[in-house]
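The structure under discussion appears below in the form of structure tokens.
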Amino acid sequence: MTSIIKETQSIKEAVNFINTVDVNKFSRLLSRIIQKLHVKGERTFSEEEEEKLQAALTLDKHALDLVLETTAFILEQAVYHSIKPASLQQQLEEIHLNSDKAEVFSQAWASAGPELVEKLKRNIFAPKKLDYVSWQLNLQMAQSSQARMKCPSAVLQLGVRNEDSESVSDLLIHLRFSSLSLEHLTSWYC
Amino acid sequence: LSHHSSFLGGRIPPEIESMSKNLKDVDQELFRKLLKVVVSALEGKDCREVMKSVAESSVIPQERLSHIIAGMHRVLSEAIRIPASLLKQEAFKEDLRELRRATLEAASSQNDPHLPTLEEFKWRVDVSISTSSLARALQPSVLMQLKLSDGSFQRFEVPVSKFQELRYNVALILKEMNDLEKRSILKIQD
């Protein structure tokens, strides 16, 4: 399989920093990053948390940023290629990540990876998407132009979500069936 | 027209539908006059003069009259096509009566409050091959385009899981409508 991470200068630098971090601390860091991966617009760590991390991992700001970015990047590439955990571990060792760290990556990926991929598959953007369906069945008894009706009619409410505005607009559709088509549809459909 | 197969066959021809729309405000007398003209025309007689005088003496705009004439012509020529032995007079009379009734009902109910109804429905199935986050997404989804009676077009995507939800709810509406028709609530005394 083609390597998903090219060993560029900044990757080399990042790997060196990661290798200095204690493996248990790194494992916890990794879980947190995976959780927040692909969540739009949110920072994984707040500014305070980042300062605490710098102290805990003995990394300066530049180093920490590089470590966080690179870890996220590795995971994004893993998702993009739907790579197998074993392949990931091998490739990380090839870019000179310590084997204990590579294993930690591989394990985290094995447990959280599939769900992440599914989430992304479900979230493919579209300008407008159907969000919910609800309905009402009424028996219309009369209207201004007609007395003594006994007309079943349904109102279908479709909630359509707009990708940009994140608002949901309601589409209300009135459905009427003649008795003939009702029988036909019910036998075919239900 | 809905209970037994009428002389018009399965679908109502467009001239007859447009005649229905234009019959509003047409009184019995005018209707008879127009019918007489159409009959003479079918008999081969020249009725341009008669037609002119009918048109001039009526308040209905000429365009609407021409729709009505076209519709009547269609009704009668369709009826004439069917051999006399097959076209039972009583059934024919009943069909005509129902047609007139239905057209009047449709015309007068246009002013009643109502929600838009579905006029046209188009769909297609798309498959997302890859995205910026996933090299191989391979996710199917349904794209729906609805044309409503208020003239608006609604286009939105329906993920497969939502499609199942929509399908289920529509089946439920049909089932409820069917049950309603059979329940004693419909035996409400008139």
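Throughout, protein chains are lettered first and strands after them, A, B, ... in sequence-line order, and every chain is numbered starting at 1. No experiment lies behind these values; they were computed from the predicted model shown.
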Q. Rounded to the nearest 0.5 Å, what separation is found between the CZ atom of A/Phe125 and the OG atom of B/Ser132?
A.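 Interatomic distance, A/Phe125 CZ to B/Ser132 OG, rounded to 0.5 Å: 6.5 Å.
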
Q: Measure the CD-OH distance between B/Glu165 and A/Tyr132 for me, rounded to the nearest 0.5 Å.
A: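 Those atoms lie 11.5 Å apart.
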
Kindly work out whether a path of hydrophobic side-chain contacts (I/L/V/M/F/W/Y, heavy atoms less than 4.5 Å apart) joins [X] to [Y].
X        : Y        : answer
A/Phe105 : A/Tyr80  : no
A/Leu156 : A/Val168 : no
A/Phe26  : A/Ile95  : yes
B/Leu115 : B/Met177 : no
B/Ile173 : B/Phe121 : yes

Less than 3.5 Å apart, which donor and acceptor atoms pair up between the side chains of residues 143-161 of chain B and the rest of the protein, not counting sequence neighbours?
residue  : atom : partner  : partner atom : Å
B/Gln145 : OE1  : B/Arg155 : NE           : 3.0
B/Gln145 : OE1  : B/Arg155 : NH2          : 3.2
B/Ser149 : OG   : B/Thr117 : N            : 2.8
B/Ser149 : OG   : B/Thr117 : OG1          : 3.4
B/Asp150 : OD1  : B/Ser152 : N            : 2.9
B/Asp150 : OD1  : B/Ser152 : OG           : 2.7
B/Glu157 : OE1  : B/Ser141 : OG           : 3.2

Examine whether an atom of [X] lies under 4.5 Å from a heavy atom of chain B, and if so say whether it belongs to the side chain, the backbone or both; otherwise answer neither.
X        : answer
A/Val155 : side chain
A/Asp131 : backbone
A/Val160 : side chain
A/Leu172 : both
A/Ile173 : both

Least distance between heavy atoms, [X] atom then [Y] atom:
X        : Y        : value
B/Glu176 : A/Leu137 : CB-CD2, 3.5 Å
A/Trp135 : B/Asn169 : NE1-OD1, 2.9 Å
A/Ile124 : B/Gln139 : CD1-CB, 3.8 Å

Q | ring pair (Phe, Tyr, Trp, His ring centres under 6.0 Å) against B/Phe163, all qualifying residues, sequence neighbours excluded | A |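 Counting only residues at least two positions away or on another chain, B/Phe163 forms no ring pair (Phe, Tyr, Trp, His ring centres under 6.0 Å).
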
Q.
Is it true that, when you exclude A/Arg32 itself, more than 12 heavy atoms of the residues, nucleotides or ligands shown sit nearer than 6.0 Å to its CZ?
A.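 Yes, enclosed.
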
Q. Got more than 12 heavy atoms from elsewhere within 6.0 Å of CD, B/Glu120?
A.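 Above 12, so yes.
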
Q | Contact leader toward chain B among A/Lys121, A/Gln136, A/Glu76, where contacts are heavy-atom pairs under 4.5 Å | A |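 Top count of heavy-atom pairs under 4.5 Å with chain B: A/Lys121.
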
Q: Could you go through the side chain to side chain contact (heavy atoms under 4.5 Å, CB included) check for A/Leu158 and B/Leu166 one step at a time?
A: CA-CA 9 Å; A/Leu158 301 177; B/Leu166 181 61; 3.8 Å; yes

Does the side chain of [Y] come within less than 4.5 Å of [X]'s, by heavy atoms?
X        : Y        : answer
A/Val133 : B/Tyr168 : no
B/Val142 : A/Leu130 : no
A/Leu120 : B/Thr131 : no

